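Given the structure is predicted, the values throughout are model-derived calculations rather than measurements. Here is how names work: the chains are called A, B, and so on, in the same order as the sequence lines, proteins then strands, and each is numbered from 1.
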Amino acid sequence: MDSSINLRDLVILIADGNAYQRRIIQGMLRGFGANKLLEVDQSVEVLHALSEQKVDILLCDEKLAPHGALALTRAIRRKKDSQNRTMPILIMTSDARESKVKLARDAGANMVIAKPMSPKHLYDRLAWIAFTPRKFIDTETYFGPDRRFKIEGYPNGVGRRKSDKPIEIAAEVGPALPQDDIDKLFNAARTGDT
Amino acid sequence: MTGQTSREATIFFVETNFQKLARRPGGTPREQAISSAQANIDILKKTDFPHWLETTLNELLSTIRLLDTNPQDQRLIQQAYTRCLHLQDVGATMGYELVTFTARNMSEYFEALIAGAPYSSDTVNLHVDAITLASKPPYCHLRPDQLPEMSDGLRRVVERVKFSAQEHK
């Protein structure tokens with residue numbers, strides 16, 4: 001399956017407190033063909049940007065000051081009158097411990113990507129969001145993408161083959177999860193594993 | 001949007017603008033897009049990454065010098081922690097895996113300090129030496145597994161500090 005993504009004219013908001021990290025992400029996204037990039041370094045600026053315009057996807061650092069990406073994600077998902085309420089949210093994290101990844105998923109994030117990032121991993125997570133339809137769930141305690149879904153296969157076969165190489169950048173040590181395991185956490189309750 | 005209500009949840013399908021537009025034909029083919037993104041990273045690596053690395057390391061060292069005389073200062077600990085995270089997050093993307101490894105180890109140390117572990121100037125200086133070494137050739141081109149003694153030693157030090165932090169709770 002050809003799962004090339006077309007990012008032209010999509011409004012992408014990059015939220016990270018590290019200015020150099022934002023430049024790196026901009027470099028990657030421009031390489032992918034994106035041409036409408038916004039960037040902010042604080043969670044309050046994210047909320048401001050979202051109140052001003054339609055944003056097509058948010059890439060947000062998990063530790064974004066002052067509230068952090070999880071609280072920010074919950075705030076975005078809770079805001080009933082926002083045009084950006086269902087926008088995809090990709091959380092970038094330096095701390096890929098399983099408990100943290102599950103918290104991100106339960107806050108309403110569409111996907112988590114481990115830092116340091118490579119162009120390949122960022123591209124494939126964006127393609128996955130684009131090509132994997134997700135229902136939305138609205139309950140008293142949760143609004144966000146259905147956490148119970150089944151991955152039938154990543155675009156381009158990523159993460160599904162035994163022969164796939166493990167993450168080649170910064171393989172996690174200790175309790176942190178490699179990207180493939182993060183992906184599996186998003187492949188959840190239908191198998192009853194969560 | 002079509003709605004379907006159950007006892008506990010409203011479930012509905014959303015096709016976001018991102019999904020609609022990202023699936024349009026005419027996008028850059030995957031391999032070409034990744035290669036083009038990597039080329040942009042390589043330009044950054046050749047131009048301003050060395051300067052950014054040097055500046056960030058110097059900021060970290062300045063903060064640590066202040067911390068040595070004020071080890072209880074939570075603002076300084078937070079500052080040093082943030083610098084370490086920046087180095088950790090950027091290092092391996094630019095091919096400096098040992099910088100990421102050492103900075104990650106150091107971040108864990110600062111997390112332990114935030115959690116209540118006692119400040120150890122020896123541990124901090126050990127990491128400062130290691131990250132300074134890791135930022136320079138030939139070490140900046142090596143992976144942690146190519147320097148197992150240093151990597152294992154740093155891990156053991158931080159594990160001990162984390163254990164100590166748990167005991168302090």
message: Salt bridge or not between A:Lys100 and A:Asp95? Use side-chain N to carboxylate O under 4.0 Å.
response: yes

field: Salt bridge A:Asp61-A:Lys63, side-chain N to carboxylate O under 4.0 Å
entry: no

With a 4.5 angstrom heavy-atom cut-off, is it the side chain or the backbone of [X] that approaches chain A, or both, or neither?
X: B:Thr28; result: both
X: B:Asn105; result: neither
X: B:Leu44; result: both
X: B:Pro25; result: backbone

- line: In terms of heavy-atom pairs under 4.5 Å with chain B, the winner among A:Asp56, A:Asn18, A:Val55, A:Thr139 is A:Asn18

statement: Checked A:Arg23, A:Lys54, A:Glu140, A:Gln26 vs chain B; the most non-hydrogen pairs under 4.5 Å come from A:Arg23

- prompt: For A:Leu126, is it the side chain, the backbone, both or neither that has a heavy atom under 4.5 Å from a heavy atom of chain B?
  reply: both

- request: Check each atom of A:Tyr142 against the heavy atoms of chain B and say whether the ones under 4.5 Å are side chain, backbone, both or neither.
  value: neither

- prompt: Would you say B:Val90 and B:Trp52 make side-chain contact, with heavy atoms under 4.5 Å?
  reply: yes

Student check: side-chain heavy atoms of B:Phe13 and A:Phe136 closer than 4.5 Å: no

query: Distance under 6.0 Å and angle within 45° of the ring axis: does A:Arg85 meet both against A:Phe143?
result: yes

task: Identify which one of B:Lys45, B:Lys46, B:Gln38 satisfies the side chain to side chain donor-acceptor pair (under 3.5 Å) criterion when paired with B:Asp42.
output: B:Gln38

